[in-house]
Colleague: 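The structure follows.
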There are 2 protein chains.
Amino acid sequence: MEKYKDTGLKLTPQRLAILNYLDGNKEHPSAEDIYRAVLKRFPTMSFATVYNTLETLRQRGGLLELTIDPDKKRFDPNTEHHHHLICVKCKRIVDIHGDYKLPIPNGERAGFEIIGNHIEFYGICPKCKKANSL
Amino acid sequence: MEKYKDTGLKLTPQRLAILNYLDGNKEHPSAEDIYRAVLKRFPTMSFATVYNTLETLRQRGGLLELTIDPDKKRFDPNTEHHHHLICVKCKRIVDIHGDYKLPIPNGERAGFEIIGNHIEFYGICPKCKKANSL
DNA sequence: ACACTTGACAAGAACAATTCTAATCTGATA
DNA sequence: TATCAGATTAGAATTGTTCTTGTCAAGTGT
């Protein structure tokens, strides 16, 4: 929660509820996950508020938007550089903190200015592996 | 095109048109790109046919579905293991063929069975860099 | 305390990408 | 060439996300 102080962000009760839900959350929730969680405390909460808050946070660098799940966007409050492993069955996502050297081969850069990278690992989680083998 | 032979795939004219458009295509087209391209030759083509064909191809391992573009799925007929660099402005995607070692640190595997990986590089393409600096 | 400005909120409409449905139609095989 | 599993079509439906509009709340200067 500390990290959201002093960013000029207006801390409304709704935003605090969202921030509180996100703080330390390692589930990589979708917008709907967040909406449903916050709805318990704010029954009048609107989807627009969730999306607006997430977008505001993202712009201020307090949140990452993950594209690894083909079905929907997932959000990660941990903005330190790291990677992800997703279960291709149930879409559970876990963090991977390996320190990788990822040089781009000469001639493949195509004149791009590189600003970042992210590794997607694909796998099957223990639960789905077990369910699969029944 | 060769690669699609002998897979038990029923080769209808529509599918051939899609395969022909995809063959060797390095643009990483979206479903709509494909639909629009094929529509020229098959004016009665339906979106469903495009999606059905893409899904069939994917299941048979003849096509990759990319999630790197946050707005829509992109498709890659090159199924050899490789990575991608996307322009965060215009969403142009280019191939990266570096050979990377990507071991998962002990204790972070979370019991997952690993089946693959893919690196997303983010950048700004020459065209957008130029447009930006005006 | 009052008017003003700015930004946030709620509700639902709108939108875009994708998937599904139901009714034909067709390619591959016997 | 008859058969039939699988493919095609048009359009409806669904899902995730964004936009619009009117209202509201907090902070500022008077």
Side-chain angles (χ1 to χ4, degrees), chain A residues 4-22 28-60 62-76 86 91 93, chain B residues 1 4-22 28-60 62-76 91 93:
Chain A
Y4 304 119
K5 299 267 178 67
D6 305 323
T7 61
L9 189 64
K10 196 185 278 187
L11 290 180
T12 65
Q14 292 90 338
R15 285 182 171 178
L16 282 170
I18 292 173
L19 289 172
N20 187 59
Y21 175 74
L22 286 176
H28 310 88
S30 66
E32 196 186 352
D33 293 334
I34 297 166
Y35 173 68
R36 281 216 295 260
V38 177
L39 205 58
K40 291 172 192 160
R41 253 190 295 162
F42 288 85
T44 77
M45 164 76 58
S46 154
F47 245 108
T49 299
V50 173
Y51 278 108
N52 286 341
T53 300
L54 293 174
E55 174 60 12
T56 302
L57 278 175
R58 196 190 58 76
Q59 281 172 10
R60 290 164 193 252
L63 185 72
L64 292 179
E65 211 177 82
L66 308 182
T67 63
I68 191 174
D69 181 339
D71 295 332
K72 58 187 82 160
K73 286 179 186 164
R74 305 280 289 262
F75 298 90
D76 193 339
I86 187 171
K91 310 297 161 70
I93 298 173
Chain B
M1 301 295 291
Y4 304 119
K5 299 268 178 68
D6 305 322
T7 61
L9 189 65
K10 195 186 277 188
L11 289 178
T12 65
Q14 292 90 336
R15 286 181 169 180
L16 283 170
I18 292 173
L19 289 172
N20 187 59
Y21 174 74
L22 287 176
H28 310 89
S30 66
E32 196 187 350
D33 292 335
I34 297 166
Y35 173 68
R36 280 217 295 262
V38 176
L39 205 59
K40 290 172 192 159
R41 254 191 291 161
F42 287 84
T44 78
M45 164 76 56
S46 154
F47 244 109
T49 298
V50 173
Y51 278 107
N52 286 341
T53 300
L54 293 174
E55 175 59 12
T56 302
L57 278 175
R58 195 190 59 75
Q59 279 172 10
R60 292 166 191 247
L63 184 72
L64 292 178
E65 210 177 84
L66 308 182
T67 63
I68 192 173
D69 181 339
D71 295 332
K72 58 187 83 161
K73 287 180 187 163
R74 305 280 289 261
F75 298 90
D76 193 339
K91 312 298 162 68
I93 298 173

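We use all heavy atoms of the structure for the numbers below, so side chains are in, but hydrogens, waters and symmetry mates are not. In what follows, chains carry the letters A, B, and so on, assigned in the order in which the sequence lines appear, proteins first and then strands, with residues in each chain numbered from 1. From a predicted model like this one, the values you see are computed outputs, not experimental measurements.
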Colleague: Would you mind reading off the distance between B:Lys91 atom NZ and C:dA16 atom C1', rounded to a whole angstrom?
Modeller: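 Spelled out: NZ on B:Lys91 to C1' on C:dA16 is 14 Å.
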Colleague: What is the per-nucleotide protein-contact pattern of nucleotides 24-30 of chain C, from the 5' end, where B denotes a base atom under 4.0 Å from a protein heavy atom, S denotes such proximity for sugar-phosphate atoms only, and - denotes neither?
Modeller: ---SS--
Colleague: Excluding sequence neighbours, so at least two apart, what forms side-chain hydrogen bond (donor to acceptor under 3.5 Å, both in side chains) with A:Thr49?
Modeller: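 Once residues adjacent in sequence are excluded, A:Thr49 has no partner under the side-chain hydrogen bond (donor to acceptor under 3.5 Å, both in side chains) criterion.
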Colleague: Using whole Å, report how far CG of B:Leu54 lies from P of C:dA17.
Modeller: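 Whole-Å distance recorded here is 15 Å.
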Colleague: Atom pairs under 3.5 Å, N or O on each side, protein against nucleotides 1-4 of chain D: can you list them with distances?
Modeller:
none

Colleague: side-chain contact (heavy atoms from CB on, under 4.5 Å) for A:Ile86 and A:Leu66? Distances and angles first, verdict last.
Modeller: CA-CA 11 Å; A:Ile86 187 171; A:Leu66 308 182; over 6 Å; no
Colleague: Let's test your reading of the model: under 3.5 Å, does the base of D:dA10 pair with the side chain of B:Ser46 as donor and acceptor?
Modeller: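 Such a pair is found, so the answer is yes.
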Colleague: Looking at CG of A:Leu11 and CG of A:Leu16, how far apart are the two atoms once the value is rounded to the nearest 0.5 Å?
Modeller: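 Answer rounded to 0.5 Å: 5.0 Å.
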Colleague: How long is the straight-line distance from NZ of B:Lys72 back to CD of B:Glu32, given to the nearest 0.5 Å?
Modeller: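 Reported to 0.5 Å precision, the distance equals 6.0 Å.
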Colleague: Taking only residues two or more places apart in sequence, or in another chain, which ones meet B:Phe42 in a side-chain contact (heavy atoms from CB on, under 4.5 Å)?
Modeller: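 Scan of B:Phe42 (side-chain contact (heavy atoms from CB on, under 4.5 Å), adjacent residues dropped) gives B:Pro13, B:Gln14, B:Ala17, B:Val38, B:Met45.
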Colleague: Only counting residues at least two apart or in another chain, list the ones meeting salt bridge (charged side-chain N to carboxylate O under 4.0 Å, His left out) with B:Asp33.
Modeller: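 B:Asp33: no salt bridge (charged side-chain N to carboxylate O under 4.0 Å, His left out) contacts found.
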Colleague: Among residues 33-45 of chain B, which contact DNA chain C at a heavy-atom distance under 4.0 Å?
Modeller: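 Per residue number, the list is empty: none.
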Colleague: Residues in side-chain hydrogen bond (donor to acceptor under 3.5 Å, both in side chains) with A:Arg15, at least two apart?
Modeller: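 Listed in chain order: nothing, the list is empty.
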Colleague: Please encode protein proximity along nucleotides 13-19 of chain D as a string of B, S and -, counting only heavy-atom distances under 4.0 Å.
Modeller: ---SBBB
Colleague: Whole Å only: how far is the CG atom of A:Asp69 from the C1' atom of C:dT18?
Modeller: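 Value for this atom pair: 14 Å.
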Colleague: For B:Gln14 and D:dG6, give me the distance from atom CD to atom P, rounded to whole Å.
Modeller: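 Atom CD in B:Gln14 sits about 18 Å away from atom P in D:dG6.
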Colleague: Just how far, in rounded Å, is C1' of C:dA17 from CD of B:Glu55?
Modeller: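 My rounded result for the distance is 15 Å.
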Colleague: Can you list the residues that meet the side-chain hydrogen bond (donor to acceptor under 3.5 Å, both in side chains) rule with B:Asp76, with sequence neighbours excluded?
Modeller: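 Once residues adjacent in sequence are excluded, the partners of B:Asp76 under the side-chain hydrogen bond (donor to acceptor under 3.5 Å, both in side chains) criterion are B:His28, B:His82, B:His84.
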Colleague: Listed by chain and number, what are the side-chain contact (heavy atoms from CB on, under 4.5 Å) partners of B:Glu65, not counting sequence neighbours?
Modeller: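 With sequence neighbours excluded, B:Glu65 shows a side-chain contact (heavy atoms from CB on, under 4.5 Å) to A:Pro70, B:Glu55, B:Arg58, B:Lys73, B:Phe75, given in chain and number order.
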Colleague: Is any side-chain heavy atom of B:Thr12 closer than 4.5 Å to a side-chain heavy atom of B:Thr53?
Modeller: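 No, too far: nothing below the 4.5 Å cut-off.
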Colleague: Would you confirm whether A:Thr67, through its side chain, and B:Asp69, through its main-chain N or O, come within 3.5 Å as a donor-acceptor pair?
Modeller: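 No; judged by distance alone, with no hydrogens or angles, the pair does not exist.
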Colleague: Mind checking the CD1-CG spacing from B:Ile34 to B:Leu54? Nearest 0.5 Å is all I need.
Modeller: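 Between B:Ile34 CD1 and B:Leu54 CG, I get 4.5 Å after rounding to 0.5 Å.
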Colleague: Which residues pass the salt bridge (charged side-chain N to carboxylate O under 4.0 Å, His left out) test with B:Arg41, sequence neighbours left out?
Modeller: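 Result, salt bridge (charged side-chain N to carboxylate O under 4.0 Å, His left out) vs B:Arg41: none returned.
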